[in-house]
Each structure stands twice: as C-alpha cells, then as structure tokens.
Asks: 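Got a structure here, written out as structure tokens. Questions coming.
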2 protein chains.
Amino acid sequence: MLIGELARQTGCDAETIRYYEREGLLSAPQRSSSGYRRYNAEQLGELNFILHCRSLGMSLADIRNLAAFKADHRHDCEDINLLIDQQIGKVHRQIESLRLLEQQLLALRDKCHDTHSAADCGILQTLVEAAEGEPCVCHTPFGQDNHGHSHDHDHAAKKNGRTQKGRP
Amino acid sequence: MLIGELARQTGCDAETIRYYEREGLLSAPQRSSSGYRRYNAEQLGELNFILHCRSLGMSLADIRNLAAFKADHRHDCEDINLLIDQQIGKVHRQIESLRLLEQQLLALRDKCHDTHSAADCGILQTLVEAAEGEPCVCHTPFGQDNHGHSHDHDHAAKKNGRTQKGRP
DNA sequence: ACAAACCTTGTAGTCACTACAGGGTCAAGC
DNA sequence: GCTTGACCCTGTAGTGACTACAAGGTTTGT
C-alpha cells in the first residue's frame, strides 16, 4: 500500500506520516524501484498505535518511549505506569488551571452585557485596571512543573509567575 | 528605566519584552544615545496589560486586537464581547475534551497496578488493541474548530478526526 | 501522447517564546 | 588608565507537532 492509501485508512495526513518516519516513530518502509514507500499491515498497526497515543495527549517523545518498551519485552512495566501517571497528572493540572481561567473569563464577561462605546466597556476597563493593580487571582495556567524543556503548550503566562516573581 | 528593570518589575523576561516589541504589541520605546531602550510608566502599563491578557490565555493576535479597540475609543465594544465569548468557548471546549481524556487515561491506568513484565502489561496491551480495533470513544481533543491557524494548545489528535475521517 | 493523480525531497512557515553568539556600554574599583 | 562584571544591542536558530508549498519524478487511464 502506498502512503496515500495508508493516509486514507488511518485518517492521518501523508505529510504527517512522512514526518513520523523522519522523527523515528514509524519504521522506514520498503521502497518500490521508483522510490515510493510501500507499507504493510504491520506499519498500519504501528501508525494506529501512534495516532491512538496522540489522541490520548501523549507527546511524540512519550510515544517513542512507549514503543521502545513495547519492543523490549524483558522490560518491566513500571516505566509505563509512570508515564501514564505523569500524563494523568499533566492533564489534571491542565484541567484545574483551565477551570480557574474559565472563572476569570466569566467574571470578566459579566462586566459588560450591552453594546456601547469601547470607552465605557466594563471588560476593557477591568482588564486595564487588573493589569495596573494586579492584586488578581493570578493563577499560573499549567505552570511551574515546567522545568526541563517541556514547553507544554501552555501559552498562558508560563513561567512568568507574575505575583511571585514580579514586583518584589 | 532600562529593559532589565522593566523585566524585574513585571516578571517578564527581557527577551520576551523585545519580542513583544518586534511583534508590534508593545510600542517602541525611546532610546538612549547608546541605543538602550528607555521605558516609562505608560509602557509598564502596556506590558502589564499584555501579560494580564496572556494570563487569561489570549493569543497575541487577540491582544493586538484588544489593544486596537482600547486605542480607538469611538469603537463600540461588541467586538470585545465577542472576543471574550470566543475565549470562553475555547477554554470550555478544552476543559470538556481534557475531562474525556482524563477518563480514558484513568481507565487505561486501571489495567495495570503491579510491576511486571512489559509483555504482560495491561496498559500496553490495551493501547495496542485500542489502536487495532479502534472502536474507541475517540474524542477529538480540542478539535474541529481548528480552522484558520489557531494551533490552540491542542497537542492531541488535532484535525485528524480518526473515527470520522479514517476508514470510510 | 498526454493529462490527472499520485509520489518524491527539501525548505519554510506556524505560535510564543527561549537561547545563544558576538558584539557594545557603563559604573565601580584598582 | 585599565580591568571587571553587569548590563545592553542585534540577529539567528531552536522548540513541538505539524502544515504548506515548490519543483520535480512516476503511474495510470483515455
């Protein structure tokens, strides 16, 4: 099966498949005489495994580890449990901080219900004041645990801590 | 005040401040004869506004818009409300999909409590089987609304849809 | 013979930073 | 006057997980 067919069967973009191969997650397939990638059922399974793990929010690095554990059958599964536990912890912290975020946004939204001039907009005023005074709740979205180089997709406020680090 | 002092007062890295300037979020400060950036209270306010919005999970593009609304006082605040509502919607959807994710991970974790060989690890087995059969819950983490180029913190499974797009 | 649909590689862009190289400036101390 | 160290500058490249495109080669059908 060619890459397009694999893409169709898995719902994964062909460019992403090539990307996974480059990243060493997917084993390099055989090639036809003209250089086309030829996949078999085994690689279909490999890719589905990757996609399923991705759908559980795991990073490619985590999946690489998991695949290594899978390959080495003498390995005991302590590390696997640890990996899943870490994933659960990560997701849990994300949920917590997003909930806080939601609260703050809803409170903000509450400042303005009718359409009027931006000069009188309660939301804008609140934002400006909050930035000035900054005695705010100041959660740290998915933060702190951010050592290493995880970069964690936490857009928001990352390491800057604001209340802690800021104004001493 | 020099950039280091501004960094200290806001808890924002100096390199990030320069980045915000490059991106046009922060107005270009005056320069000393030797080219050093000199900030005043107004720019301190500007930066705090940006950081506060970031801590609410807004993208730099959103903040740019918000700042434009702030500047143009004749503008009415409908767009501001819309922006906040969209932000709330985004956060809400993220929470929902993360909750689902958490359930799946907890169910997965439940497959293995003791340390034993990876060959017998319930987690690994479950992952492999789930990838093969794939009659799974198959949530789509923060997906779908992903038009444009939002990139949205969604690690997970992004557009690939899996159950929808895959295997027709 | 030719077009459409596929495949290849390589490079650059996304977002919000972060890190570093390679230099310049400034104040304090000797 | 000279050195040291803390600061500042610009510019470029890297992060994660893709996505998009350019410029070309191959295969298949009419």
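Each chain gets a letter, A, B and so on, in the order its sequence line appears, and its residues count up from 1.
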Asks: If you find the nucleotide of DNA chain C closest to B/Ser32 and the one closest to A/Arg38, which residue's nucleotide is nearer the 5' end?
Replies: A/Arg38
Asks: Please tell me which of the listed nucleotides, D/dA17, C/dA19, D/dC18, lies nearest to the side chain of A/Ser59?
Replies: D/dA17
Asks: Just how far, in rounded Å, is P of D/dA20 from CZ of A/Arg22?
Replies: 14 Å
Asks: Would you mind telling me which of C/dT18, D/dT10, C/dA16 lies closest to the side-chain atoms of B/Arg18?
Replies: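 When the side chain of B/Arg18 is considered, D/dT10 is the closest of C/dT18, D/dT10, C/dA16.
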Asks: Take A/Ser34 and B/Ser34, find for each the nucleotide of DNA chain D with the closest heavy atom, and name the residue whose nucleotide sits nearer the 5' end.
Replies: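 Whichever sits nearer the 5' end wins; that is B/Ser34.
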Asks: Testing A/Lys90, A/His92, A/Gln87 for side chain to side chain contact (heavy atoms under 4.5 Å, CB included) with B/Leu105, which one passes?
Replies: A/Gln87
Asks: Does one side chain, of B/Glu129 or B/Gln125, offer a donor that lies under 3.5 Å from an acceptor on the other?
Replies: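 B/Glu129 vs B/Gln125: no donor-acceptor pair found between side chains.
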Asks: Between A/Glu96 and A/Arg93 (salt bridge meaning N to carboxylate O under 4.0 Å), is one present in this structure?
Replies: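 Salt bridge between A/Glu96 and A/Arg93, a charged N being under 4.0 Å from a carboxylate O: no.
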Asks: Within less than 4.0 Å of OP1 or OP2 of C/dT9, is there a side-chain N or O belonging to A/Arg31?
Replies: yes
Asks: Is the distance from OP1 or OP2 of C/dA16 to the nearest side-chain N or O of B/Tyr20 less than 4.0 Å?
Replies: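 Checking B/Tyr20 against C/dA16: no side-chain N or O falls below 4.0 Å of OP1 or OP2.
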Asks: Within the modelled atom types, does a donor on one side and an acceptor on the other bring the side chain of A/Glu5 and the base of C/dC7 under 3.5 Å apart?
Replies: no
Asks: Let's see if you can work this out: which of C/dC6, C/dC26, D/dT27 has an atom nearest to the side-chain heavy atoms of A/Ser33?
Replies: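 Nearest to the side-chain atoms of A/Ser33, counting from C-beta on, is D/dT27.
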Asks: Tell me the interatomic distance from B/Tyr19, atom OH, to C/dC15, atom P, rounded to whole angstroms.
Replies: 8 Å
Asks: Please tell me which of the listed nucleotides, C/dC17, D/dT10, C/dC7, lies nearest to the side chain of A/Ile3?
Replies: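 Closest of the options to the side chain of A/Ile3: C/dC7.
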Asks: From D/dC18, D/dA20, C/dC7, pick the nucleotide closest to the side chain of A/Leu60?
Replies: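 The answer is D/dC18.
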Asks: So which nucleotide from C/dT9, D/dC7, C/dC20 ends up closest to the side chain of B/Tyr36?
Replies: D/dC7
Asks: Out of the candidates A/Met1, A/Glu21, A/Gln30, only one should pair with A/Arg37 under the side chain to side chain contact (heavy atoms under 4.5 Å, CB included) rule; please name it.
Replies: A/Glu21
Asks: Do the side chain of B/Glu23 and the base of C/dC17 come within less than 3.5 angstrom through a donor-acceptor pair of N or O atoms?
Replies: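 Not at all, since no donor on one side and acceptor on the other fall under 3.5 Å apart.
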Asks: What's the closest nucleotide to the side chain of B/Thr16 if the choices are D/dT10, C/dT18, C/dA16?
Replies: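 Minimum distance to the B/Thr16 side chain belongs to C/dT18.
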Asks: A/Asp13 side chain: which of C/dA16, C/dT18, D/dT19 is closest?
Replies: D/dT19
